[in-house]
Amino acid sequence: MKSPIAVIGGTGGVGRLVTRKLMARGETVRVIGRATLRARRHLPPLAQFFLGDVREPETLRTPLHGCGAVVYVMEPSALESGVVNTLDTLLRGAVSGGPRFVLVSRPDSPPHTQERPAGRRPAGEDAVRASGLPYTVVRPGRRTEHDVAEACVQALFGGPGTRQPAPDRALA
């Protein structure tokens, strides 16, 4: 991919694996996270780290600008509002033409409530579907962190045994 790829939540376990896999392919990776010290300790030296918080959309504009893809790997507590803020930043012109969006969904997202009844898709998925951006949802299920990271990379580039992502379809 010619444009940089943003990994939101890239200082966490799965995010670090996604970052390493992308860099091994020769990609330019922009990691967006809240933990500068963790980034210094765990990220490859050539990974570009941007201090940002999905709960503060203004911190996302610079690192998302010009990215051809975004991989969103966050803890469930920030999933729905963070996805909405990230998509809003992307759709407001931080990126022309719209990047590919890969969402790692979480079955352990916030509990069912009156606003989010049982049987509804996990938090954030509806916002991704409604965004109009090309997307893939990766649902971890019983996968290992390595398997989830590989599914994210395959969602961006394809690979052996990869189902072609289509709107309203998840790689489970």
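All figures in this text were calculated on a predicted structure; none of them were measured in a lab.
Taken to the nearest 0.5 Å, the CD atom of Q48 stands 11.5 Å off from the CD1 atom of I5. We find the CD-CG distance between E58 and N85 to be 9.0 Å, quoted to the nearest 0.5 Å. Atoms CG and SG, from L60 and C67 in turn, are 11.0 Å apart once rounded to the nearest 0.5 Å. Atoms CG and SG, from D147 and C152 in turn, are 11.0 Å apart once rounded to the nearest 0.5 Å. Here the straight-line distance linking atom OH of Y72 with atom OG1 of T86 works out to 5.0 Å at 0.5 Å rounding.
Within 6.0 Å of CZ on R20 lie more than 12 heavy atoms contributed by other residues, nucleotides or ligands.
Remark: the T136 side chain and the R100 side chain contain an N/O donor-acceptor pair separated by less than 3.5 Å.
A salt bridge does not link E145 to R16: none of the charged nitrogens lies less than 4.0 Å from a carboxylate oxygen.
Judged purely by atom type and a 3.5 angstrom limit, T59 uses its side chain to pair as donor or acceptor with the backbone of D53. Of the possible donor and acceptor atoms, none in the side chain of R34 sits under 3.5 Å from a partner among the backbone N and O of T11.
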* Dump the intermediate steps for side-chain contact (heavy atoms from CB on, under 4.5 Å) on V7 and I32, then the final yes or no. => CA-CA 6 Å; V7 180; I32 304 169; over 6 Å; no
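Looking at E125 and R129, their side chains come closer than 4.5 Å, going by heavy atoms from C-beta outward. Under the 4.5 Å side-chain criterion, counting only non-hydrogen atoms from C-beta, L46 is not in contact with V29.
Nearest approach of P99 to V70, heavy atoms of both residues: CG-CG2, 4.2 Å. L43 approaches G10 most closely through the heavy-atom pair CD2-O, 3.5 Å. Between P4 and G66, the closest heavy-atom pair is CD-O, 3.5 Å.
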